[in-house]
Amino acid sequence: MRDKFVTKTEALKELGLSSRTLFNLVKDGKIIANKVNARVIYYSLNSIRAFKSGLTKPI
């Protein structure tokens with residue numbers, strides 16, 4: 001299954017969390033982020049859903 005990457009707005013909507021919490025989850029390695037440049041970051045939808053389902057490590 002291919003992973004889909006979403007924008008920050010879509011990730012925040014999916015998680016229902018604040019921007020700071022999303023940043024901390026990425027920093028802790030619980031959600032995968034792909035930084036394209038200084039302003040554009042995409043977030044792995046698979047890792048977001050894995051986090052929501054209670055898995056500690058992204059798939």
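Please read all numbers here as calculations on a predicted model, not as lab measurements.
Summarising the geometry, atom CG belonging to Asn46 is positioned 11.0 Å from atom CZ belonging to Arg2; distances are rounded to the nearest 0.5 Å. In this structure, CD1 on Ile41 lies 12.5 Å from CZ on Phe5, to the nearest 0.5 angstrom. Ile48 contributes atom CD1, which lies 13.0 Å from atom NZ of Lys13 (distance to the nearest 0.5 angstrom).
Here the closest heavy-atom approach between residue Glu14 and residue Arg49 is recorded as OE2-NE, 3.7 Å. Minimum heavy-atom separation, Lys35 to Asn37: CG-O, 3.3 Å.
At least one side-chain heavy atom of Tyr42 sits less than 4.5 Å from a side-chain heavy atom of Thr7.
When the options Leu25, Leu12, Leu15, Val26 are evaluated for a side-chain contact (heavy atoms from CB on, under 4.5 Å) with Tyr43, the one that passes is Val26.
Under a hydrophobic-cluster definition in which Ile, Leu, Val, Met, Phe, Trp and Tyr are linked whenever side-chain heavy atoms come within less than 4.5 Å, directly or via other members, Leu17 and Phe23 are assigned to different clusters.
Counting only distance, with no hydrogens or angles, the side chain of Lys8 and the backbone of Leu22 share no donor-acceptor pair below 3.5 Å. Using a distance-only test at 3.5 Å, with no hydrogens or angles considered, no donor-acceptor pair links the side chain of Asp3 to the main chain of Ser44.
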